[in-house]
Amino acid sequence: MKTPIVTDTTLRDGSHAVSHSFTPEFVGQIVNRLAEAKVPVIEVSHGSGLGGSTIQQGFSTHDEWLLIEQAVANKKDSKVASLFVPGIGTRPEILKAAEYGVDILRVAVHCTEADVSQQYFEQAKKSGLGTVGFLMMSHTQPPEALAKQAKLMESYGADCVYVVDSAGALVPESVRERVSALKDALSINVGFHAHNNLGLAIGNTVAALEAGADQIDGTLRGLGAGVGNAPTEVLVAVLNKMKIDTGINLTILMDTAEELVAPVFQYPNVIDRDNLASGYAGVYNSFLLHVREAAAHFNINPVAIIEELGRRGAVAGQEDWILDVALELQQKELVK
Ligand SMILES: C[C@H](O)CC(=O)C(=O)O
Ligand SMILES: [Mn+2]
């Protein structure tokens, strides 16, 4: 099995888990350590991508451009990526990212909406950026439908397209099917991004590699939206055991996870009732903190909100549904 390109997204997916409170100093420290460990790509931006600091997505405590500045200043031989979600980010953010020294733009859309990404891939290419396409909530579409969407992104200029398990709802077989479908359809790289709601983030990532994935994601200590992602340090340890030499220094990853990342957790990333319910219902991990807030406010069981959001097929950008559902559930309770 070939050596995959590892992207650490602690400072982007992890941003959701710390309510977008990373400081420039912390970002500089983490990027410095990850670069020293020879992690090829390090993703830094608001959890919902460039320009994500909004009332709907959650305000950042620090201007993300100060975080990106620190990331670029400390990247050494690694590349810095930023996420971009059409409708949240706009073209000026892409120009600014290139000016700041960002190397790769990761354009994330719901997995049936690749067509809205065309102008952003074109702008990113014009700005000299590498490009990755993120097909979010990939569990909601069958492999052949995902492959069609990925082909569109390839035609727009994507250098790689990811199967993104945003809800942590996939199992190894369904990961293999999706990654294989993209590998058969594309002449560019294929990636996989896991969440751990069913305890399968590492297993699913190995399944993706067995199906030919070229790029994979992780976060230190698994710090990420909801229950979090495949821990980068565990991924590297498993790949070493599988005799796949990533060239990444495992000791630096373990120390950084233990000494710098563990202390910033706002809640333990255990597969508790809400996180399991979320993965089981196929609900977007970055909804979790908003669901918990609404559940507390309306005195509703968060699982009831999660299950209704799953029934309605809520996707990224529909965080406003959370309050609607909570209010409806409360009113139902009141009329009982
Ligand atoms: C914007 C999302 O947080 C992207 C992602 O990491 C996912 O869908 O998972
Ligand atoms: Mn994610």
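Atoms within each ligand, like the ligands themselves, are counted from 1 in listed order. Note that the numbering runs from 1 along the sequence shown for the chain.
In this structure, Arg106 satisfies the cation-pi test against Tyr162, with its NZ or CZ atom closer than 6.0 Å to the six-membered ring centre and inside 45 degrees of the ring normal. In this structure, Arg292 satisfies the cation-pi test against Tyr267, with its NZ or CZ atom closer than 6.0 Å to the six-membered ring centre and inside 45 degrees of the ring normal.
Partners of Glu144 according to the salt bridge (Lys or Arg N to Asp or Glu O under 4.0 Å) rule, which considers only residues two or more places apart in sequence or in another chain, do not exist here. With sequence neighbours left out, Asp320 forms a salt bridge (Lys or Arg N to Asp or Glu O under 4.0 Å) with no residue at all. The salt bridge (Lys or Arg N to Asp or Glu O under 4.0 Å) test applied to Glu93 returns no partner, not counting sequence neighbours.
Distances shorter than 4.0 angstrom occur between a heavy atom of Gly47 and an atom of ligand 1. Using a 4.0 angstrom heavy-atom cutoff, Leu83 counts as in contact with ligand 1. A heavy-atom separation below 4.0 Å is found between His16 and ligand 1.
His16 is listed as a side-chain neighbour of Ser286, based on a closest heavy-atom distance under 4.5 Å.
Comparing Tyr162, Tyr284, Phe134 against atom 2 (C) of ligand 1, the shortest heavy-atom distance belongs to Tyr284.
Shown are Asn229, Asp165, Asp217; of these, the side chain to side chain donor-acceptor pair (under 3.5 Å) with His195 is made only by Asn229.
In this structure, the protein non-hydrogen atom closest to atom 4 (C) of ligand 1 is Arg12 NH1, 3.5 Å.
Counting heavy atoms under 4.0 Å from ligand 1, residue Asp165 does not touch it at all. With a 4.0 Å cut-off on non-hydrogen atoms, Ser166 touches ligand 1 through its backbone as well as its side chain.
Any N or O atom pair closer than 3.5 Å counts here, and Asp13 shares at least one such pair with ligand 1. Taking distance alone, with nitrogen or oxygen atoms compared against 3.5 Å, Ser286 stays at or beyond that limit from ligand 1.
Residues His62 and Phe22 keep their aromatic ring centres 6.0 Å or farther apart.
Ligand-side atoms of ligand 1 in range of Met136: 1 (C), 2 (C), 4 (C), 8 (O), range being under 4.0 angstrom from any heavy atom. Close approach of ligand 1 to His195 (heavy-atom distance below 4.0 Å) involves ligand atoms 9 (O). Near Val164, the atoms of ligand 1 lying under 4.0 angstrom from a non-hydrogen atom of the residue are 7 (C), 8 (O), 9 (O).
Using cut-offs of 30° and 60° on the angle between ring planes, the pair His46 and His20 is parallel.
Here the CE atom belonging to Met137 is positioned 9.0 Å from the CG atom belonging to Asn285, to the nearest 0.5 angstrom.
For the Mn ion (ligand 2), the tally of protein N/O/S atoms lying closer than 2.8 Å stands at 3.
Under 4.0 Å is where a charged nitrogen must lie from a carboxylate oxygen, and between Arg176 and Glu173 at least one such pair does. Taking the charged nitrogens against the carboxylate oxygens, Glu259 and Arg33 do have a contact shorter than 4.0 Å, which makes a salt bridge.
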